[in-house]
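Computed from a prediction, not measured in an experiment: that's the story for all the values here. Here is how names work: the chains are called A, B, and so on, in the same order as the sequence lines, proteins then strands, and each is numbered from 1.
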Number of protein chains: 2
Amino acid sequence: MAIDESPARLRAKPSWLISKTSARAHRLIAEAMAGAGGRAYHFAILAALDEFGPGSQAQIGQRCGIDQSDMHAMVNELARQGHVERMPDPGDRRRNLIELTAAGRRRLEELDAALSGVQDSLFDALSAAERDQLTQLLTRILG
Amino acid sequence: MAIDESPARLRAKPSWLISKTSARAHRLIAEAMAGAGGRAYHFAILAALDEFGPGSQAQIGQRCGIDQSDMHAMVNELARQGHVERMPDPGDRRRNLIELTAAGRRRLEELDAALSGVQDSLFDALSAAERDQLTQLLTRILG
DNA sequence: GGCCAAGATTGGTTGGACCAAGGATATTGG
DNA sequence: CCAATATCCTTGGTCCAACCAATCTTGGCC
């Protein structure tokens, strides 16, 4: 799709540009993650565990903006791959404590590298300073 | 979801920020369009017809980045609402010429106003200059 | 003990983006 | 002028992310 041939009214709506960019990113990321046998959600969860330490599914889900039921499925996948361990919280038996394994820590770096590569090809047209600018604008929007 | 509580590794990936922003925009737009009895696709198609004049479904679809089969469904909806007319192209009987009706032209302005309102609430945190900046960055990415 | 809240699990639904095949018509090459 | 190829519409799907609701267990509270 040649963006410069799309209707001007459309091009004038930032939400449309964002949606198209997001779609393209989604495609590239899905590809990259499929090649690595993972998904974007995996990276998010592993990153949360790495930064904040073990936690319940609910906590991690909230931090990453992932739905409870989706969290369940993702933790199943990560546990099956040995990147995460699900263990009952001794202090609250409602909870599963999710813990990063050593393999999970390596996996996080692996996925991070793959995703960083995607960022490079996606934002190829922007300088480093412009990427920062973009990041800051988006962060303010979401704030 | 409080973005400042999400993992730093995630926040550092522009693609993640874009995806979240896109999701929020999608929610707001779906709401606004549902309230008006339409969809985002309707606006795109009407805008293309308004700017480029009548055309085949394939042409319009390419301009807007809409799949052929989805175009079919959307034109059905717009035709049923009287915003568009489907007529056989006399010069090429494979084609349907899609034409904007007078009601469709009014509808376009109506949807445009609704979408502009959504942009305002979505990009509330940005100044007009910053919105332009964002638009330009995204346009360059998609270029 | 009785009640409400939180967490996990299960089992959905919805909408957008895609893909494939077939029938009708055009176009092109020989 | 015929055969092969391409285009366009139409139909009928698939796939996945996002989301929602109900249930069950456990914890906290009065």
Quiz item: Between A:A58 and B:R93, who's closer to the 5' end of DNA chain C by nearest nucleotide?
Solution: A:A58
Practice problem: Could you check how far CG of B:D89 sits from P of D:dC9, rounded to whole Å? | Solution: 9 Å
Quiz item: Taking atom CG of B:L108 and atom CG of B:L49, what is their separation to the nearest 0.5 Å?
Solution: 9.0 Å
Exercise. Could you tell me the separation between the CD1 atom of A:I66 and the C1' atom of C:dG7, rounded to a whole number of Å?
Key: 16 Å
Quiz item: A:R9 versus B:E51: any side-chain heavy-atom pair under 4.5 Å?
Solution: no
Self-check item: Check: B:S116/B:D112 side-chain N/O donor and acceptor closer than 3.5 Å
Solution: yes
Practice problem: With DNA chain C as reference, determine whether A:L97 or B:D67 sits nearer its 5' end, using the nearest nucleotide of each. | Solution: A:L97
Practice problem: Check whether any side-chain nitrogen or oxygen of B:H72 sits under 4.0 Å from OP1 or OP2 of D:dT10, and answer yes or no. | Solution: yes
Practice problem: Pick base, sugar-phosphate or nothing for A:D92, based on heavy-atom distances below 4.0 Å to the nucleic acid. | Solution: sugar-phosphate
Quiz prompt | Whole angstrom value for the distance that separates C1' of C:dG15 from CD of B:E77 | solution = 12 Å
Quiz item: Starting at CD of B:Q62 and ending at C1' of D:dT7, how long is that distance when rounded to a whole Å?
Solution: 11 Å
Exercise. Output the single nucleotide from C:dT9, D:dT10, D:dC8 whose closest atom is nearest the side chain of B:R95.
Key: D:dC8
Practice problem: Determine whether the side chains of A:Q119 and B:S15 contain a donor N or O and an acceptor N or O closer than 3.5 Å. | Solution: yes
Quiz item: Rounding to a whole Å, what distance do you find between A:H26:NE2 and D:dC16:P?
Solution: 10 Å
Quiz item: Of A:G91 and B:N96, whose closest DNA chain D nucleotide lies nearer the 5' terminus?
Solution: B:N96
Exercise. Could you work out which one of D:dA18, D:dC8, C:dT9 sits closest to the side chain of A:Y41?
Key: D:dA18
Self-check item: Rounded distance (Å) that lies between atom P of C:dC19 and atom CZ of A:R27
Solution: 9 Å
Quiz item: Could you give the CG-to-P distance, from A:D70 to D:dA21, as a whole number of Å?
Solution: 15 Å
Self-check item: Check ion pair A:R106-A:E109 (N to O, under 4.0 angstrom)
Solution: no
Exercise. Can you tell me the distance, in whole Å, between the CD1 atom of A:I98 and the C1' atom of C:dG7?
Key: 11 Å
Quiz item: Within the structure, does a side-chain N or O atom of B:R39 lie under 4.0 Å from either OP1 or OP2 of C:dG16?
Solution: yes
Quiz prompt | Donor-acceptor pair (no angle test) under 3.5 Å: B:S69 side chain, D:dG12 base | solution = yes
Quiz item: So, is A:Q57 close to the C:dT9 phosphate, meaning a side-chain N or O under 4.0 Å from OP1 or OP2?
Solution: yes
